[in-house]
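Heads up, the thing below is written out as structure tokens.
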Amino acid sequence: MAQIVTRIAPSPTGYMHVGTARTALFNWLFARANGGKFLLRIEDTDRERSTPEATEAILQGMTWLGLDWDGEAVSQFAQKDRHAEVAHEMLARGTAYKCFSTQEEIATYRAEQEAAGASYAVFQSPWRDADPATHPDQPFAIRMMAPRTGETVIDDVVQGKVTFRNDQLDDMIVLRSDGTPTYMLAVVVDDHDMGVTHVIRGDDHLSNAARQTMVYEAMGWDIPVWAHIPLIHGPDGKKLSKRHGATAVGDYQAQGYPSAGMRNYLTRLGWAHADAELFTTQQALEMFSLEGIGRSPARLDFKKLESTCGWHIAHGEDAALLHEIEGYLAAAGLPALRDDQRAGLAKALYCVKERAKTFVELIEKAHFVLTSRPIVADEAALKHLDPVSRGILNELTPRLQNVSWTKDALEAFLTEVCATHGIGFGKLAAPLRTALAGKTATPSVYDMMLVIGQDETIARLSDVVG
Ligand code: GLU
């Protein structure tokens with residue numbers, strides 16, 4: 001079989017939608033799993049709505065998700081001459097014709113059909129069968145000579161065979177009278193020219209596939225394999241919207257989801273393989289196939305996204321996590337790490353990555369290495385610094401000088417302090433957290449003590465007991 005070539009073809013008209021990211025991911029997985037190519041085309045033909053910022057958001061979203069594309073991103077607008085050339089070639093082949101009908105004539109036609117009770121009025125141009133000798137010397141649109149009878153069948157990997165009645169598909173315009181190509185033409189020409197073998201995209205494009213098939217046939221080109229994937233819905237089963245939470249890929253980065261977790265979660269969103277839930281990208285590549293894509297819309301489940309992300313943070317490699325945390329801070333508009341903070345975080349990572357579902361939680365837990373003396377405690381943490389606990393801290397602090405700085409020795413020492421005062425460990429741990437971190441959600445007191453070291457521990461405790 002020829003090399004597999006897939007693509008993602010987003011329109012740069014806003015932010016990058018999470019559904020586009022999932023479509024890109026499926027295309028990427030399918031290409032990479034099969035030694036194929038994955039291409040990126042920016043569908044910027046709509047000059048009014050396309051913006052460089054939106055293109056940038058797409059490139060950033062793809063990069064964040066680790067979806068590398070082959071070669072340069074292609075601008076659809078830059079191919080406009082080629083689109084026009086193909087439209088004229090269709091004319092020459094007799095699979096398209098010049099249509100001189102004006103907007104008003106088309107509107108009148110539709111109004112008449114409606115008045116006559118037609119529920120669906122497909123415009124039938126009088127120029128379809130006109131003798132070229134009668135053509136006026138006026139601008140014209142180029143329309144497809146679409147079959148008027150019979151059916152067009154889309155054989156879709158996900159949806160199965162889907163049949164469209166040809167009498168419901170009009171002789172669509174491929175080149176407007178101002179010489180600009182329509183979306184329907186541009187997509188097919190680009191996919192053909194880029195050698196795309198598999199079109200994997202949202203099922204909102206399913207009926208476009210029928211129209212696009214006609215363009216392939218009109219040019220005698222090979223039709224790609226179609227795979228139209230159901231869209232992503234919100235947790236309530238309704239079409240995903242801002243009301244449900246984040247819809248832009250960039251929001252997920254800014255909310256502290258790690259890209260590996262996001263990739264895992266999005267892979268499982270509408271695709272399944274046996275009972276695989278948590279997996280690395282390498283494992284996803286080994287399992288991925290188009291046959292695993294389901295037919296019903298996937299529901300976004302933020303709880304599952306979080307637990308998936310938690311697993312990836314816990315299992316993430318430290319250097320990669322640190323790098324990604326810096327990306328998160330920038331995306332969230334938070335201050336960048338100073339060198340001492342970066343070093344502290346690197347030391348603390350083993351104990352803060354365990355139960356953090358997002359980088360927001362991780363950073364919260366790592367506060368004890370990101371802050372410096374004097375530690376400013378939050379209100380909840382301050383409550384644990386009552387006179388009794390202060391007294392106990394006061395007594396134990398100088399004794400820490402003589403404790404050897406290992407987990408076992410610290411544990412034996414603090415257990416003994418608790419026994420002496422007849423209190424449970426929790427009663428001692430709470431004020432220690434306040435002194436060491438100024439917060440209630442922290443790693444274990446032992447881990448904090450080991451990470452910041454003996455001198456700093458004693459200094460922080462001394463600050464509190466005064
Ligand atoms: N530009 C289209 C979109 O953003 C995608 C077209 C396609 O995948 O064929 O929805």
Side-chain angles (χ1 to χ4, degrees), residues 4-31 36-62 65 67 69 73-80 83 86 152 154 156-159 162 164 172 174 180-216 219 221-232 239-241 247-250 266 270 290 293 297:
I4 283 171
V5 180
T6 67
R7 49 62 162 186
I8 182 73
S11 310
T13 54
Y15 56 87
M16 186 183 187
H17 194 271
V18 64
T20 308
R22 198 230 357 202
T23 304
L25 174 63
F26 282 9
N27 277 282
W28 182 86
L29 283 168
F30 185 64
K37 279 204 228 163
F38 170 63
L39 309 177
L40 170 60
R41 179 171 74 236
I42 304 292
E43 300 214 315
D44 51 357
T45 7
D46 184 341
R47 304 312 287 165
E48 300 260 293
R49 295 175 59 223
S50 300
T51 66
E53 293 76 24
T55 298
E56 192 48 40
I58 291 164
L59 302 183
Q60 264 182 17
M62 300 275 291
L65 282 170
L67 307 180
W69 58 93
V74 171
S75 152
Q76 184 161 68
F77 178 66
Q79 308 301 318
K80 64 181 190 320
H83 302 146
V86 171
T152 297
I154 298 302
D156 192 278
V157 181
V158 179
Q159 312 284 339
V162 187
F164 294 87
M172 66 182 179
V174 286
T180 60
T182 58
Y183 160 74
M184 223 55 86
L185 175 73
V187 168
V188 174
V189 174
D190 292 347
D191 281 341
H192 171 78
D193 288 357
M194 291 162 80
V196 172
T197 58
H198 290 68
V199 170
I200 306 166
R201 62 186 175 190
D203 66 6
D204 48 338
H205 287 286
L206 187 57
S207 63
N208 289 343
R211 294 162 167 279
Q212 291 166 6
T213 293
M214 292 182 181
V215 180
Y216 282 101
M219 287 303 292
W221 290 338
D222 286 344
I223 297 169
V225 175
W226 305 111
H228 287 90
I229 54 183
L231 300 183
I232 300 174
K239 194 169 181 268
L240 186 64
S241 74
T247 52
V249 175
L266 287 179
L290 296 180
I293 299 175

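These numbers come from the heavy atoms of this one structure, side chains and all, not from hydrogens, waters or symmetry mates. Counting starts at 1 for both ligands and their atoms, following the listed order. Position 1 is the first residue of the sequence, and the numbers go up from there.
Considering backbone and side-chain atoms together, Ala9 places an N or O closer than 3.5 Å to an N or O of ligand 1. Polar contact check, Arg201 against ligand 1: a nitrogen or oxygen pair lies under 3.5 Å apart.
The side-chain heavy atoms of Trp226 and Gln159, taken from C-beta on, include no pair separated by under 4.5 Å.
No donor-acceptor distance shorter than 3.5 angstrom exists from the side chain of Gln60 to the backbone of Gly250, with no hydrogens or angles considered. No donor-acceptor pair closer than 3.5 Å links the side chain of Thr247 to the backbone N or O of His17. Side-chain atoms of Asn27 come within 3.5 Å of backbone atoms of Ile200 as a donor-acceptor pair (strictly under, hydrogens ignored).
Using a 4.0 Å cut-off to heavy atoms of Arg7, the atoms of ligand 1 that qualify are 7 (C), 8 (O), 9 (O). Listed by number with element, the atoms of ligand 1 under 4.0 angstrom from any heavy atom of Glu43 are 1 (N), 2 (C), 5 (C), 6 (C).
In this structure, atom 4 (O) of ligand 1 lies nearest to the protein heavy atom Ser11 OG, 3.3 Å. For atom 10 (O) of ligand 1, the nearest non-hydrogen atom of the protein is His205 NE2, 3.0 Å. The protein heavy-atom contact nearest to atom 6 (C) of ligand 1 is Tyr183 OH, 3.1 Å.
Between Thr20 and Ile8, the closest heavy-atom pair is O-CD1, 3.8 Å.
Checked options Asp190, Asp46, Asp44; the residue passing with Gln76 is Asp190 (criterion: side chain to side chain donor-acceptor pair (under 3.5 Å)).
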